[in-house]
J.: 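Before I ask anything, let me first share the structure, which is written out below as structure tokens.
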Amino acid sequence: MGAIAQTIHEGGGKVIGVIPEALKKIERPEITNVNNDLVFGEEIVVKDMHTRKALMNKLSSGFITMPGGYGTMEELLEITTWSQLSIHEKPVMLFNMKGYFEHLLKFIEHSVEEKFIVEWSAGVIVAGSTAKEVLDKLEVYQPPASRYALKWDDASPQPKEDFV
């Protein structure tokens, strides 16, 4: 992620990194003799992972998931669930480079077939296999029309339609 952040930042893009204090020393050590903010962009240190994800949601206009491990999968699925629950309507994209997410995409299809994921909800995540395809799809992303109409400040939410 550091190389991506550096490339975006050097190209004039805005980069904001949000990292929990506990992970900072192992995930993002300071480089000596360099102004790290000038190289990588702004960094915000928070107390924990929950705060990190909430702040990332607040600061972002969309999400692009690149290949990664357990943490990447957890964050992808949480942000997907947040979309399903109407916490946000932002694009949720997979950069499926070299087919990395093919098994996950097949799992989602299988889960729809088995009725564990409702069909409209499978459309929350959109995949592209090249950077251009991901960015093109990001530009035209529309959240699924049939989402739970939850209002997080309302005690009696009503679904938009029957989901079963």
Side-chain angles (χ1 to χ4, degrees), residues 1-11 13-20 23 26-28 40-41 44 46 48-152 157-164:
M1 293 305 293
I4 294 167
Q6 185 175 358
T7 301
I8 291 169
H9 190 67
E10 288 172 354
K14 181 168 179 146
V15 176
I16 301 173
V18 182
I19 188 165
L23 287 177
I26 59 172
E27 293 281 331
R28 172 69 166 72
F40 297 106
I44 300 171
V46 296
D48 56 38
M49 291 298 286
H50 300 293
T51 305
R52 175 181 186 265
K53 289 184 278 188
L55 184 57
M56 287 172 39
N57 181 50
K58 180 180 179 182
L59 294 173
S60 70
S61 56
F63 306 94
I64 300 174
T65 302
M66 300 182 67
Y70 288 135
T72 300
M73 292 299 128
E74 186 274 335
E75 289 181 348
L76 168 66
L77 294 176
E78 183 161 3
I79 212 67
T80 300
T81 301
W82 286 7
S83 177
Q84 182 182 22
L85 297 175
S86 302
I87 294 173
H88 74 80
E89 294 186 351
K90 301 170 186 178
V92 179
M93 312 297 299
L94 283 182
F95 188 176
N96 190 23
M97 65 174 74
K98 297 183 179 179
Y100 183 85
F101 289 110
E102 285 304 311
H103 294 288
L104 175 63
L105 295 168
K106 294 278 188 216
F107 170 76
I108 293 169
E109 287 177 21
H110 178 69
S111 296
V112 170
E113 291 167 5
E114 295 294 323
K115 309 262 188 263
F116 286 104
I117 296 177
V118 291
E119 192 168 339
W120 64 265
S121 187
V124 169
I125 298 174
V126 175
S129 58
T130 66
K132 180 178 180 350
E133 183 181 9
V134 170
L135 293 176
D136 288 346
K137 288 181 175 182
L138 179 73
E139 290 294 320
V140 298
Y141 180 91
Q142 293 293 316
S146 299
R147 299 171 68 236
Y148 296 113
L150 300 175
K151 301 217 186 311
W152 289 92
Q158 299 296 317
K160 289 184 180 177
E161 62 183 63
D162 182 15
F163 292 103
V164 185

J.: For residues Asn96 and Glu102, determine if any side-chain heavy atom of one lies less than 4.5 Å from a side-chain heavy atom of the other.
T.: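 With C-beta onward as the side chain, the pair touches.
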J.: With sequence neighbours left out, which residue pairs that include part of residues 111-127 fulfil the salt bridge (Lys or Arg N to Asp or Glu O under 4.0 Å) condition?
T.: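 Of all non-adjacent pairs touching residues 111-127, none passes salt bridge (Lys or Arg N to Asp or Glu O under 4.0 Å).
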J.: What heavy-atom pair brings Pro144 and Gly123 nearest, and what distance separates the two atoms?
T.: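 Residues Pro144 and Gly123, closest heavy atoms: CG-C, 3.8 Å.
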J.: Could you list the residues that satisfy salt bridge (charged side-chain N to carboxylate O under 4.0 Å, His left out) with Lys53, not counting sequence neighbours?
T.: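 Checked Lys53 against salt bridge (charged side-chain N to carboxylate O under 4.0 Å, His left out); matches are Glu74, Glu78.
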J.: Thr80 and Phe63: side-chain contact (heavy atoms from CB on, under 4.5 Å), yes or no, with the steps?
T.: CA-CA 10 Å; Thr80 300; Phe63 306 94; over 6 Å; no
J.: Taking all heavy atoms of Glu75 and all of Met49, pick out the closest pair and write down the distance.
T.: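 Scanning both residues, the minimum pair turns out to be OE2-CE, 3.6 Å.
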J.: So how far is it from Ile117 CD1 to His110 NE2, rounded to the nearest 0.5 Å?
T.: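 Output value for this atom pair is 10.0 Å.
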J.: Which one of Val126, Val134, Leu76 satisfies the side-chain contact (heavy atoms from CB on, under 4.5 Å) criterion with Leu94?
T.: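 Single pass found, and it is Leu76.
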J.: Below 4.0 angstrom, N of the basic side chain to O of the carboxylate: do Glu133 and Lys137 qualify?
T.: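 Looking at Lys137 together with Glu133, the answer is yes, because their closest N to O distance falls below 4.0 Å.
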J.: With no hydrogens and no angle check, is any side-chain donor or acceptor of Tyr141 less than 3.5 Å from a backbone partner on Glu89?
T.: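 A pair under 3.5 Å: no.
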J.: Which distance, rounded to the nearest 0.5 Å, do you find between the CD1 of Ile26 and the CD1 of Ile19?
T.: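 One gets 8.0 Å once the value is rounded to the nearest 0.5 Å.
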J.: Is the closest side-chain heavy-atom distance between Leu135 and Ile64 below 4.5 Å?
T.: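 In short, these two side chains touch, coming nearer than 4.5 Å.
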J.: If you compare all heavy atoms of Arg52 against all heavy atoms of Pro20, which two are closest, and at what distance to 0.1 Å?
T.: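 Shortest heavy-atom separation between Arg52 and Pro20 comes out as CD-CD, 3.5 Å.
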J.: Side-chain contact test, heavy atoms from C-beta onward, threshold under 4.5 Å: evaluate it for Thr65 versus Ile125 and give yes or no.
T.: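 In short, these two side chains do not touch, never coming nearer than 4.5 Å.
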J.: As an exercise, state the distance from CD1 of Ile108 to CG of Leu104, rounded to the nearest 0.5 Å.
T.: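 Here the rounded value is 4.5 Å.
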J.: Is the shortest heavy-atom distance from the side chain of Val140 to the side chain of Asp136 under 4.5 Å?
T.: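 No, too far: nothing below the 4.5 Å cut-off.
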J.: Can you name the nearest heavy-atom pair linking Gln84 to Val118, along with the distance?
T.: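 So the two residues come closest at NE2-CG2, 4.4 Å.
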J.: Run the side-chain contact (heavy atoms from CB on, under 4.5 Å) test on Ile79 and His88 for me, step by step, so that the C-alpha distance in whole Å, both residues' side-chain angles and the decisive distance to 0.1 Å come before the verdict.
T.: CA-CA 8 Å; Ile79 212 67; His88 74 80; 3.6 Å; yes
J.: How close do Ser61 and Pro91 get, heavy atom to heavy atom, and via which atoms?
T.: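 Closest heavy-atom pair between Ser61 and Pro91: O-CD, 3.3 Å.
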J.: Please name all residues satisfying ring pair (Phe, Tyr, Trp, His ring centres under 6.0 Å) with Phe101, sequence neighbours left out, ordered by chain then number.
T.: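 Phe101: no ring pair (Phe, Tyr, Trp, His ring centres under 6.0 Å) contacts found.
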J.: Determine the minimum heavy-atom distance between Phe95 and Pro67, stating which atoms define it.
T.: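 Result for this residue pair: O-CD, 3.7 Å.
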